[in-house]
Enquirer: 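I have a structure I would like to understand better, so I am pasting it below and will then ask my questions one at a time.
For the numbers below, each heavy atom of this structure counts, side chains included, while hydrogens, waters and symmetry mates do not. Throughout, a chain's letter reflects where its sequence line sits, starting with A, and its residues are numbered from 1.
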Amino acid sequence: MPELPEVESLRRILARSARGRTIVSAAVREKRLRRALGDEVADSVAGRAIVEIGRRAKYLLIELGGGMALMVHLGMSGSLTHRRDGFDPGPFDPRHDHVEFALDDGSRLVYNDPRRFGLIKLMRQAELASAAELRGLGPEPLSGDFSAEYFWRATRGRKAAVKTLLMDQRIVAGVGNIYASEILFRAGVRPTRRAGRVTRAEAGRIAAHTPAVLSEAIGGGGTTFRSYRDSRGQPGRFAKRLQVYDREGKPCVTCGAAIRQAIVGQRSSFYCPHCQK
DNA sequence: AAACATTCCTGCACGC
DNA sequence: TGCGTGCAGGAATGTT
């Protein structure tokens, strides 16, 4: 679920609902996430204000008072919900409410993650830029830094499938499995194509459609494929607008040909055999 | 019951 | 030969 659009939607909602609040206390019920949570996290965040909510790639960056910051990654199945009295838990199994932050207005920020592939890490704000998770990330696709020329250069000589490179966080930050298929459909390039064989024009279309698809998805509040919910517990509305993902055998929205599925780099990929070369 | 929205690690092949 | 890089495959895990 959580690729860049879902994390950005989350960031925007939290910036309105939680920024400026103070964390009164925190409780860690399960610290075995992708990496074990440090024991000091709960005590260290208590009393700190939530100053700003940022994002880099698929990482949510919560700036706290006193020069500290929380780095949050949702993995495959994570969610961070802002709950107050009357919050409908919906699909959230309370057994997977692993970390909870109580805020000064009585609301709670709850990190829920059934598969525990996610990450919560407390660090000094000054250390963020050099953090192992963020160092080495490619350009942000919505910043304009992910240009046609850049992608063209990045693909030269590469034998891996173009979809694999589009999902490589070192090449461009934030594109995951769902949006990679959507971007390549709009660009008219098959996900299986060797990256080194992508033409300059195709690289240009991919670079152009990447921010376009991601922006549209953010506008729709992200994509709910199975269980994703935003911080208010709402599903994303972009799933209705997916043109190829999870549509194997269904007609292409452009030409009517049956959408095909292929495994590329271990990941399920979808494309139109007629529109994508 | 096979598949899965993400990332990290290992091991092999290749080229300089 | 040795080293770095690219790439494939698998692992982590619970749910549907």
Enquirer: Counting Watson-Crick and G-U wobble pairs with both distances under 3.5 Å, what is the dot-bracket string for DNA chain C, 5' to 3', using [ ] for crossing pairs and | for pairs to another strand?
Expert: .|||||||||||.|||
Enquirer: Please list, chain by chain and in numerical order, all residues satisfying ring-ring contact (aromatic ring centres under 6.0 Å, His included) with A/His96, sequence neighbours excluded.
Expert: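 Partners of A/His96 by the ring-ring contact (aromatic ring centres under 6.0 Å, His included) criterion, ordered by chain and then number, come out as A/His98.
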Enquirer: Kindly write out the residues that satisfy ring-ring contact (aromatic ring centres under 6.0 Å, His included) with A/Tyr59, not counting sequence neighbours, or none if the list is empty.
Expert: A/His73
Enquirer: Check ring-ring contact (aromatic ring centres under 6.0 Å, His included) between A/Phe151 and all other residues, then give those that pass, not counting sequence neighbours.
Expert: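 Counting only residues at least two positions away or on another chain, A/Phe151 forms a ring-ring contact (aromatic ring centres under 6.0 Å, His included) with A/Phe146.
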Enquirer: Taking atom C1' of B/dC8 as reference, at what distance in whole Å does atom NZ of A/Lys121 sit?
Expert: 13 Å
Enquirer: Tell me every residue that passes ring-ring contact (aromatic ring centres under 6.0 Å, His included) with A/His82, counting only those two or more places apart in sequence or in another chain.
Expert: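 A/His82 satisfies ring-ring contact (aromatic ring centres under 6.0 Å, His included) with no residue once adjacent residues are dropped.
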Enquirer: Would you tell me whether A/Ser268 and A/Gln261 have side-chain atoms, one donor and one acceptor, within less than 3.5 Å of each other?
Expert: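 A/Gln261 and A/Ser268 do have a side-chain donor-acceptor pair below 3.5 Å.
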Enquirer: Tell me which pairs pass salt bridge (Lys or Arg N to Asp or Glu O under 4.0 Å) where either residue lies in residues 73-85 of chain A, with sequence neighbours left out.
Expert: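 The answer is A/Arg83-A/Asp97, A/Arg84-A/Asp105.
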Enquirer: Looking at the side chain of A/Asn177, which of B/dC8, B/dC4, B/dT6 is the nearest nucleotide?
Expert: B/dT6
Enquirer: Listing request: all salt bridge (Lys or Arg N to Asp or Glu O under 4.0 Å) pairs with a residue in residues 71-81 of chain A, at least two apart in sequence or in separate chains.
Expert: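 Sorted pair list comes back empty.
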Enquirer: Within the sub-3.5 Å range, which N or O atoms of nucleotides 14-16 of chain C have a protein N or O partner, and how far apart are they?
Expert:
unit_1 : atom_1 : unit_2   : atom_2 : d
C/dG14 : OP1    : A/Arg116 : NH2    : 3.3
C/dG14 : O3'    : A/His96  : NE2    : 3.4
C/dG14 : N2     : A/Arg115 : NH1    : 3.4
C/dT15 : OP1    : A/Arg95  : NH2    : 3.2
C/dT15 : OP1    : A/His96  : NE2    : 2.9

Enquirer: Enumerate the residue pairs fulfilling ring pair (Phe, Tyr, Trp, His ring centres under 6.0 Å) with a member in residues 252-277 of chain A, sequence neighbours excluded, ordered by first and then second residue.
Expert: A/Tyr245-A/Phe270
Enquirer: Base, sugar-phosphate, or nothing for A/Arg158, non-hydrogen atoms under 4.0 angstrom?
Expert: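 It contacts sugar-phosphate atoms only.
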Enquirer: Can you pull the salt bridge (Lys or Arg N to Asp or Glu O under 4.0 Å) pairs that have at least one residue in residues 238-258 of chain A, sequence neighbours excluded?
Expert: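 Only A/Glu216-A/Arg241 qualify under salt bridge (Lys or Arg N to Asp or Glu O under 4.0 Å).
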Enquirer: Test question: given the 4.5 Å side-chain rule for I, L, V, M, F, W and Y, name all other residues clustered with A/Val51, or answer none.
Expert: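 Reading the cluster by chain and number, A/Val51 sits alone, since nothing else belongs.
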Enquirer: Just the table, please: protein N/O against nucleotides 10-16 of chain B N/O, every pair under 3.5 Å.
Expert:
none

